[in-house]
Amino acid sequence: MLSGKTVLLGVTGGIACYKAAELASALVKQHCKVRVLMTKNATEFIAPLTFESLTGNPVAVDTFDRDRPWEIEHIALADQADLVLIAPATANVLAKLAHGLADDMLTTTVLACDCPKLAAPAMNTRMYENAVTQDNLDALRRYGWEIIEPVSGRLACGATGKGKLPDPERLLEAVLHALTHRKDMTGLKVLVTAGPTREALDPVRYLTNLSTGRMGYAVARAAAARGADVTLVTGPTELPRPPYMAEVVEVTSARQMFEAVTARSAEMDLIVKAAAVADYRPATVAENKIKKTRSGTDLSLPLERTDDILAWLGAHKRDGQVLCGFSMETADLLEHSREKLEKKRVDLIAANNLREEGAGFGTSTNLLTFLTADAVIPLPLMSKTEAAHQLLDELLRLMGM
Ligand code: CTP
C-alpha cells in the first residue's frame, strides 16, 4: 500500500519509544521507505541501531554530526518526505513544534516539511491534560497537523489514565489513511455492514457463523481513506473499532442489523453489505437456560426466517443509490450469485467460493469475482484491503464517477 512513499518517523524521548520500533518495522513491511529522526533523549530509551537495522537507513540525531553527511542535509530529508509522523511525541516536542522552535535535527527537518504531518502524543495524564499541552495541540491542529489521540491505560509512572501511545497498528492505520492519495469518495455517504450476527436461543446460547468482519472492516476503512463519510454497522467481532468512521453502530442480531441499516439507508449513496447475516433465528428465545431433556431424547429447534436486509434495500432503493452484496458459496458460485444479484435487485455482487484457498472467512486475503448486470470480473488472490479498494473502484464506475 505504501510502495514508493517515504515516511519520516520522528521519535522523541518517552518510554513508548519501543513501540516506534514495531511501527518502523510495520511500515517497512508495507514497502515504505522509512527515515527515522531521533531526539537525543530518545536515544536514551532505544538505540539508533535498532531503527537502522529495521529500516536499512541511517538514523538522524544530531544536526552537527560531521561524520554522517546525510545528517546535515535536513532540507534534503524534508524534500523526500511524503509524510511526517512523530511517535511518541513528548509534551516538549509538541510545544516546540507548535511554536516553530527548531533546535535539533528532528525539529529543524519537520519545520522544513510541507507534507501531511501526524503526531501521537504520549505522556503522563496530567501533563497531557495540562492546558498548555492542550493549547499546543490545538495550535498544531490549526497548522494542519493530525493528532492521534493517546489511549487510556496504565502509564509508566504507575498511574492509570489517558496518555498511552496507541498500538503500532493504530499508528499504521493513520499513515495509510493519510497517504491514500485517491480522495475520490469525498462527499459520498457510505454504509457498510460487517461481521456475523448472533441469534439468541436462551440467555447463554446463540446461533452464529464464522465471519470475522475483516472484509467489511477493510471496505469501511478503504472508503474512509478515500474521503467517504462512512457508517459502519457491525455485528460482534474481535476487531478493534476502526478510526475515521462517521458512525459505528454495534448490533448483535439480524433484527437489530435490519433496524440499524433501514433507519439510515435513505441518505446513503452507496451501501455495501459484507455482513454474514443469519438467514434463520430460533422461533422463540427461552427465558431461562434450556435444560437437557429428561428422557435423553434429541432436541429439535424450530427456526424462523430473518428479514433479508439486502432484499429490502433492493426494493426500497432510491435513484442513484448503488447497492453491493456479498455471496459466499461452496458450489455453483456464479449461478447462485447471479440469482442473488437479480432477486435482491443489487448492482454488484462480490462472490467468493469458500472451497478455494485464501478465500472467505478468517483469512487476511480474499479471492473475489464481481458480478454486475453485464459483467463478470474475476480478481486474483489479494489482501482484503486491496480487494476492498478494487471493489470500491468498480462501485464508483457503476456510480458514473
Ligand atoms: N443478507 C442480508 N440479510 C439476510 C441475509 C443475507 O442482507 N437476512 C445479505 C448479506 O449481507 C450478503 C447477501 O445478502 O450481502 C448474500 O447473502 P447469502 O446468505 O449468501 O445469500 P442468500 O440470498 O441468503 O442465499 P443462500 O443463503 O440461500 O445462499
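Start at 1 and go down the list; that is how both ligands and their atoms are numbered.
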Below 4.0 angstrom, N of the basic side chain to O of the carboxylate: do [X] and [Y] qualify?
{"X": "Lys162", "Y": "Glu149", "answer": "yes"}
{"X": "Arg281", "Y": "Glu304", "answer": "yes"}
{"X": "Asp202", "Y": "Lys289", "answer": "no"}
{"X": "Lys344", "Y": "Asp308", "answer": "yes"}
{"X": "Arg182", "Y": "Asp393", "answer": "yes"}

Measure from the side-chain N and O atoms of [X] to the backbone N and O of [Y], and report whether any donor-acceptor pair falls under 3.5 Å.
{"X": "Asp332", "Y": "Glu335", "answer": "no"}
{"X": "Thr193", "Y": "Ala275", "answer": "yes"}
{"X": "Asn366", "Y": "Met215", "answer": "no"}

Under 4.0 Å to a heavy atom of [X] - the qualifying atoms of ligand 1, by number:
{"X": "Gly325", "result": "15 (O)"}
{"X": "Ala278", "result": "8 (N)"}
{"X": "Lys273", "result": "2 (C), 7 (O), 11 (O), 12 (C), 15 (O)"}
{"X": "Thr306", "result": "8 (N)"}

Which part of [X] is near ligand 1, with near meaning a heavy atom under 4.0 Å away: side chain, backbone, both or neither?
{"X": "Ala254", "value": "neither"}
{"X": "Lys340", "value": "side chain"}
{"X": "Glu329", "value": "side chain"}

- Task: Kindly indicate whether atom 28 (O) of ligand 1 is approached by any protein heavy atom to under 4.0 angstrom.
- Result: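 No, there is none.
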
- Kindly identify the option in Gly314, Ala274, Ala275, Ala194 whose heavy atom sits closest to atom 10 (C) of ligand 1.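 Among Gly314, Ala274, Ala275, Ala194, the closest heavy atom to atom 10 (C) of ligand 1 belongs to Ala275.
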
- Side-chain donor-acceptor pair present, Ser383, Thr385, cut-off under 3.5 Å: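 On atom types as modelled, these side chains do not qualify, holding no pair under 3.5 Å.
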
Nearest protein heavy-atom contact for [atom]: which residue, which atom, what distance?
{"atom": "atom 14 (O) of ligand 1", "answer": "Lys344 NZ, 2.8 Å"}
{"atom": "atom 5 (C) of ligand 1", "answer": "Asp279 OD1, 3.2 Å"}
{"atom": "atom 13 (C) of ligand 1", "answer": "Phe326 O, 3.0 Å"}
{"atom": "atom 3 (N) of ligand 1", "answer": "Ile309 N, 3.0 Å"}

- Message: So is Asp307 touching ligand 1 or not, going by heavy atoms under 4.0 Å?
- Response: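 Yes, that is the case, since the closest heavy atom of the residue is under 4.0 Å from the ligand.
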
- Message: Can you tell me if Ala311 contacts ligand 1 (heavy atom of the residue under 4.0 Å from the ligand)?
- Response: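 Under 4.0 Å: no for Ala311.
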
- Message: Nearest 0.5 angstrom please: Tyr217 OH to Met245 CE, how far?
- Response: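 Reported to 0.5 Å precision, the distance equals 9.5 Å.
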
